[in-house]
Every structure is written in structure tokens, then in C-alpha cells.
Amino acid sequence: MLVDSHCHLDFPELIENEAAVLALMADKGVTHALCVSVKLETLSGIIGLAERHANLFASVGVHPDNADCEEPDEARLLELAAHPKVVAIGETGLDYYWHKDAPEWQRARFRTHIRAARRCSKPLIIHTRDSAADTLRLMREEGAGEPGGVMHCFTETREVAEQALDLGFYISFSGIVSFKTAESLRDVARFVPADRLLVETDAPYLTPVPFRGKTNQPAYVRHVAEAVATARGESLEAIAEITTRNFFQLFKDAKPS
Ligand SMILES: [Zn+2]
Ligand SMILES: [Zn+2]
């Protein structure tokens, strides 16, 4: 039993093959997946997936890369997060890789998401790229440790992981951990305590070895878990069990079906 803690099943390359994607998931023992929101304009696609399938959950949030889209305030996020299948707020955070000018609107939007998460007591899904210091600073300033959450698709250093862990956050690894060049990330995977570990695909992106070049999908989270298991010198079964338990511990509104 495995859970994909972060995917984008509503994106065209996956939703067009919805039945096949879900069938392969079931075939590979991936029992649940969290479909993560990137903007409000496409939220209905995610909610639809979660309504059609008992084993899919949804989040509500606007990705820091999306500049020209509906800007949510706290009230709007809270209203949308009241849906029974919405188990998290995000993805949110900062991304100075795609927005090298480190715009103020990203930080304002991130603060709004943290405040909403505190008010509805749902965990945060945090994206950070080339912005770790500001991400951690805002997490502290806004009290992100109160709702807690996950640093998704983690690619930062052990020091950054340590600070996120200190705030009570979970660390989620994607297919990047399986890449040949990712030795330092595998060091971080060794360091994260077992009870804070999650795995994800971030599908349709970041396809793990041995499927690089193909469209990623939740079934492949097995290969992410395998890479984490190998790095830690543990069995796939042990990593599958602990990351599944961690998922339902963190996303407490997600009921296993
Ligand atoms: Zn992300
Ligand atoms: Zn994502």
C-alpha cells in the first residue's frame, strides 16, 4: 500500500487518460493520491476528481509561479476549503527560480495561505525553489507550525530540512531522489526521521527512474519509494507502510477508503 502525496491529475496529459491512470495506480498498489491545486480557475477539475473517486483527495491554493490568475483572500480560500474532500491548503510558497525578481505578491500570497490554513486547521503544502531563507522566515513569522504541513518535492539542503522539521513539518521526496546526480538529496532522505517522511510524484512532472522521458503518473510513486528505501537501507515495504501512515496522520481529514 502506497500513497502519492502530491500529484496534478487534472492536468490534460493525465485527465485525458483518467481511467487508465487510476487502473495502473490500483494495479501497482497505490491506494490513494492527493490532487494538488495550482490555481482557482482549475479547482473544479480537482474537486471533480475527488468527488468521483473515494481514494482521491483535493487541496485548495494558488501556486507561487502563477502570476496572472485569481488572487485569493483568506475568506475565499476558507470558503473553498470547506468542501469535505479538501484536506490541505496549497500548493503555496515561494519560487524565485521562475520569478527571479522575488516579487512582493508571492510573499503576500504565501502569507494569505498560511493565515487561511491556521484558521481552518488544515495542513499546508509548501513549494520552495531558490527561496528557502524567505520561505522559512515567512513560515515562522506567520506561525505555519500551528497547522503544520509538508515541504513538497524537497530539493533543499539538510539544514533547510532541519529547520522545517523543527517547525513540525513533513518532508516529501519526488522522483528527483532517484536521479543519478541526486546524491546530496539522498543524504537528506537518510537524515529525515521516519515519522516525517512522505513520497510523491508531482505528476505529470519529474518522472522517476526508470521511466524518465515518459509522462509521470501516481503509479510511479512506487519507484520514488524504492529510491528512498535504497538510500536509507530499508525495504520498500517498510517505506510504503510508514509513508502511508504519515500521510493519514498529517492530512487528518483524508479518510482511508
Ligand atoms: Zn510545487
Ligand atoms: Zn505540484
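Counting starts at 1 for both ligands and their atoms, following the listed order. Not measured: the values here are computed from a predicted model.
- Summarising the geometry, atom CE belonging to Met25 is positioned 9.5 Å from atom NE2 belonging to His53; distances are rounded to the nearest 0.5 Å.
- Evaluation of the ring-ring contact (aromatic ring centres under 6.0 Å, His included) rule for Trp105 yields His99 as partners, not counting sequence neighbours.
- Between Phe110 and His113, the distance separating the two ring centers is not shorter than 6.0 angstrom.
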Would Asp134 and Tyr96 count as a side chain to side chain donor-acceptor pair (under 3.5 Å) if you check the C-alpha gap in whole Å, the side-chain angles of each, and the deciding distance to 0.1 Å? CA-CA 10 Å; Asp134 272 9; Tyr96 300 163; 2.7 Å; yes

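- Listed by chain and residue number, the protein N/O/S atoms under 2.8 Å of the Zn ion (ligand 1) are Glu91 OE1, His127 ND1, His152 NE2, with waters left out.
- Under the ring-ring contact (aromatic ring centres under 6.0 Å, His included) criterion, Tyr220 pairs with Phe211, sequence neighbours left out.
- With sequence neighbours left out, the ring-ring contact (aromatic ring centres under 6.0 Å, His included) criterion links Phe251 to Phe247.
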